[in-house]
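Heavy-atom basis, side chains included; hydrogens, waters and symmetry copies ignored.
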Amino acid sequence: MASLNLGYWVQSYSMPNQVSSISKSFPLPRSLPFNPLTTQSSSTLKKVNFSSLPSITSVLTKEDIVKEEEQDPQKSSFDFNSYMLQKASAVNQALESAVSLRDPVKIHEAMRYSLLAGGKRVRPVLCLAACALVGGRESMAMPAACAVEMIHTMSLIHDDLPCMDNDDLRRGKPTNHKVFGEDIAVLAGDALLAFAFEHIAVSTVGVPPSRIVRAIGELAKAIGGEGLVAGQVVDIISEGLTDVGLDHLEFIHVHKTAALLEAAVVLGAIVGGGCDEEVEKLRKFARCIGLLFQVVDDILDVTKSSKELGKTAGKDLVADKVTYPKLMGIQKSKEFAEKLKTDAIELLQGFDPAKAAPLIALANYIAYRQN
């Protein structure tokens, strides 16, 4: 588990002083009324040529964090490194047990190859943290946490296929179809998708059936034609378009990336017994960090190497995809990321600070990750 490489930044909870004030033009993620399949909204921000973008090494530098820690060395006693390692280890053990090697061996080998290939386990840990925040036990949320990771893995397997992003590298290893072939890769993703729902329904214990049904409904909506699939479709049809604005880009990523992160948090809150007000507050928090995850991903895609990322770098530029750096430039994208992170953390006010600490640290992790 040492390969998680969470780094030194995780003990810092507040905004870097060096970041300039955020423009009020950066909106919170929202439900978008327009139809991106038929309407191309224009942006008032000019597109930026990647050749003119400044070179940066990370979203937040080591120097930024050192300065913050010098100013307030007692800022936090929460050990996020240990927390993440412990939770990720528990998730990995649960996934290992859930998807065992059985007949037909080939399909289960393919499922396990991608599911157990590593990764930071951000989504399942978010699920567990949200459950704990509303007073639930880890065991109540573990099946849902595993289900979210199974679906996330499915989306990666399918995204990497030649008919989609055509990637050769994922989590530092050859992609699933490179090892098992396209046919088995498609089926491995399908099997993980189906088993995710079975796992929640069959393996969740200590939770009333009504909450389990509600959680299953939330997860299904997050990944279907109104969620992940919707974002993926609009992303595909937007390649090469010249008149794509920020609203259009936000639609893609609120659905393609944020929806599953949102589901992870909401599922944890539901099975943990959170009231409606708590669930909806955490939904807004999750939507912020979900969009934040993609903004940072876009920045890293043009500032990091394939070796550093563990996946193919610069592929969005090659595919002529619209990204936040392409529309806003690197600096404005970084400022937008800070705004999303700050708004997310503010939404956790009113919860028990000790129980909220993991979610605050996870928001910081998403903002300042290096790969």
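- The two residues Ala98 and His199 make their nearest non-hydrogen contact at CB-CE1, 3.7 Å.
- Using a 4.5 Å cut-off on side-chain heavy atoms (C-beta onward), Leu260 and Val148 make contact.
- Note: Thr257 OG1 to His152 NE2 = 9.5 Å, rounded to the nearest 0.5 Å.
- With 3.5 Å as the limit, one finds a donor-acceptor pair spanning the side chains of Tyr368 and Lys341.
- The side-chain heavy atoms of Tyr83 and Val125, taken from C-beta on, include a pair separated by under 4.5 Å.
- Judged purely by distance below 3.5 Å, without hydrogens or angles, the side chains of Ser114 and Asn176 pair a donor atom with an acceptor atom.
- Looking only at side-chain heavy atoms (C-beta outward), Leu249 and Leu327 come within less than 4.5 Å of each other.
- For Phe180, the ring pair (Phe, Tyr, Trp, His ring centres under 6.0 Å) test picks out Tyr113, with sequence neighbours left out.
- For residues 127-155, the pairs satisfying salt bridge (charged side-chain N to carboxylate O under 4.0 Å, His left out) are Lys87-Glu138, Arg121-Glu149, Glu149-Arg171, with sequence neighbours left out.
- A distance-only check finds no donor-acceptor pair linking the side chain of His253 to the backbone of Leu291 [under 3.5 Å].
- Closest non-hydrogen pair, Val279 versus Ala269, comes out as CG2-CB, 4.0 Å.
- Counting heavy atoms from C-beta outward, Thr175 and Leu161 have side chains that stay 4.5 Å or more apart.
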